[in-house]
Amino acid sequence: MIEPESSRKYFQSARSASFHARDNVAQFIEWMRGNCELQFESQDVALGSDPTNFHMREKIVAFALLDVGRYAASKGFRPIPQLIQFELEIDGKETAEEKKKREEEEEEK
């Protein structure tokens with residue numbers, strides 16, 4: 001779990017649709033603006049059931065949460081989401097293959 005900054009207070013037992021729940025979401029969005037590339041707005045969450053552009057809003061929120069998972073993984077938090085683990089494994093394999101290819105090219109010279 002990513003610990004919030006000491007200046008931020010969040011309400012762990014906030015009930016759905018309560019003021020505290022909305023405050024938690026607002027603080028999370030504010031935190032994302034400073035730490036993650038992809039961002040979403042509170043309306044993307046609140047209007048998620050609106051059929052207008054539903055899939056686009058859904059994607060934005062999902063990608064933003066994956067970005068949080070990547071951020072947490074880069075800071076050493078465990079466990080990380082399985083999809084992020086797969087991405088890291090693929091990146092590692094691609095890096096190893098690129099390194100091997102460079103070594104082979106250098107040997108040929």
Side-chain angles (χ1 to χ4, degrees):
M1 181 175 161
I2 298 175
E3 293 297 322
E5 296 173 16
S6 60
S7 63
R8 298 184 192 273
K9 182 174 181 173
Y10 69 99
F11 301 93
Q12 204 166 10
S13 61
R15 283 183 272 147
S16 179
S18 68
F19 169 79
H20 293 301
R22 292 175 189 196
D23 187 55
N24 286 347
V25 171
Q27 288 190 57
F28 174 71
I29 291 171
E30 184 179 322
W31 174 84
M32 282 193 67
R33 284 190 179 119
N35 294 288
C36 299
E37 294 177 24
L38 188 62
Q39 300 167 7
F40 61 92
E41 297 296 329
S42 57
Q43 69 184 14
D44 295 325
V45 177
L47 300 176
S49 60
D50 180 13
T52 310
N53 294 327
F54 172 73
H55 295 294
M56 188 55 141
R57 288 187 177 122
E58 188 177 62
K59 282 182 183 179
I60 290 170
V61 173
F63 287 142
L65 294 175
L66 284 171
D67 203 23
V68 170
R70 288 183 198 99
Y71 175 82
S74 73
K75 299 295 182 184
F77 289 93
R78 299 291 183 264
I80 59 174
Q82 194 168 15
L83 185 57
I84 305 303
Q85 182 64 40
F86 290 150
E87 287 179 349
L88 294 173
E89 289 174 11
I90 290 169
D91 289 346
K93 287 179 182 178
E94 288 176 351
T95 303
E97 288 173 6
E98 290 171 3
K99 183 179 177 183
K100 185 178 178 181
K101 186 176 179 180
R102 273 182 285 165
E103 289 173 353
E104 290 172 355
E105 288 175 356
E106 288 176 5
E107 288 176 5
E108 291 176 3
K109 291 181 182 180

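Since the model is a prediction, treat every value here as computed from it, not as a measurement.
Listed by first then second residue, pairs satisfying salt bridge (Lys or Arg N to Asp or Glu O under 4.0 Å) with a partner in residues 94-106 number zero, not counting sequence neighbours.
In this structure, CZ in R78 is found 7.0 Å from CD in Q85, a value given to the nearest 0.5 Å.
The heavy-atom pair separating R70 from F63 by the smallest distance is NH1-O, 4.3 Å. Taking every heavy atom of both residues into account, N24 and A14 meet most closely at ND2-CB, 3.8 Å.
Summarising the local packing, CZ of R22 is surrounded by 12 or fewer heavy atoms from other residues, nucleotides or ligands at distances under 6.0 Å.
Taken together through direct or relayed side-chain contacts under 4.5 Å among Ile, Leu, Val, Met, Phe, Trp and Tyr, I80 and L83 form part of one hydrophobic cluster.
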